[in-house]
Amino acid sequence: MCRVLVLEFFIDNVNVEEFKGKRVLEVGSKYLNGSVRPFIESFLGPKEYIGVDVEPGKFVDIVIPVEKLSDYFGPESFDVVISTETIEHVRDWRTAINTMKGMLRPKGYIFITTVGRGFPYHGYPNDFWRYELDDMRKIFSDFDVLVLKRDIECGTLLKAKKPSIWKPIDLSN
């Protein structure tokens, strides 16, 4: 799913060199109300763009749960990981986030957009969580947070970079 403000976030906060010739993974890529994929593929020149989701659909290249990504692709196999409007739908968000972090190569970029408090329930298929700026700061305290902001539609938008030497934080609490 992709709200207009998500597209604007990407337009305003990506650089061609972050994507050109790079390997990109989108988690939760099924087309629902828009996608950043056409923008990235048309204007930023990635070498490869792979969309994964738990259901088949437009822009889904591989049907696979996020927890199985490392087994399928191997760790640190992507330069960019994108997940738009997805993690609020994942019951085990801790495993999902840690898996996405682990899929990134050192100095790779992660883009996460999700909803925060005040955003209405939208159970497709489920809707479990809301994330605030402080939540994302804590969840990504093991990354270099480059952009973190709240949009006017109660969304939380993050761009972060994996450090050269990464030690995952414990998200269990």
Flag yes if [X] and [Y] sit in one hydrophobic cluster, no otherwise; membership is Ile, Leu, Val, Met, Phe, Trp, Tyr, and two members link when side-chain heavy atoms are under 4.5 Å apart.
X	Y	result
L146	L157	yes
I50	V54	no
V60	I64	no
V63	F73	no
L148	I169	yes

Side chain to side chain, [X] and [Y], heavy atoms closer than 4.5 Å:
X	Y	answer
Y49	F19	no
T99	V27	no
I139	W93	yes
N13	K149	yes
F43	V14	no
L25	M100	no
E26	V24	no
V52	V66	no

For [X] and [Y], which heavy atoms make the closest approach, and how far apart are they?
X	Y	answer
E18	K159	OE2-NZ, 2.7 Å
L133	R150	CD2-N, 3.8 Å
R23	R105	CB-NH1, 4.2 Å
F59	S29	O-OG, 3.0 Å
S164	P106	O-CB, 3.6 Å

Mark yes or no for whether [X], through its side chain, and [Y], through its backbone, hold a donor-acceptor pair below 3.5 Å.
X	Y	answer
K30	D53	no
T114	T156	no
D135	E132	yes
T95	D92	no
D170	S172	yes

Drop me the distance from [X]'s [atom1] to [Y]'s [atom2], to the nearest 0.5 angstrom.
X	Y	atom1	atom2	value
D142	W166	CG	CH2	6.0 Å
L158	S83	CG	OG	10.5 Å
M136	F143	CE	CZ	11.5 Å
I112	F9	CD1	CZ	10.0 Å
M103	S77	CE	OG	3.5 Å
I62	K68	CD1	NZ	15.0 Å

For this session: Establish, yes or no, whether a centroid distance under 6.0 Å links the rings of F39 and F10.
Result: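 Between F39 and F10, the centre distance exceeds or equals 6.0 Å.
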
Exercise. Do we get K101 above F140's six-membered ring, with its NZ or CZ under 6.0 Å from the centre and within 45° of the axis?
Worked result: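 So K101 does make the cation-pi contact.
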
Problem set entry | CA sep, side-chain torsions, deciding dist, call: V80, F111, side-chain contact (heavy atoms from CB on, under 4.5 Å) | CA-CA 8 Å; V80 179; F111 294 84; 4.0 Å; yes

Exercise. Is it true that D61 and R37 have a side-chain N and a carboxylate O under 4.0 angstrom from each other?
Worked result: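 Yes, D61 and R37 are salt-bridged.
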
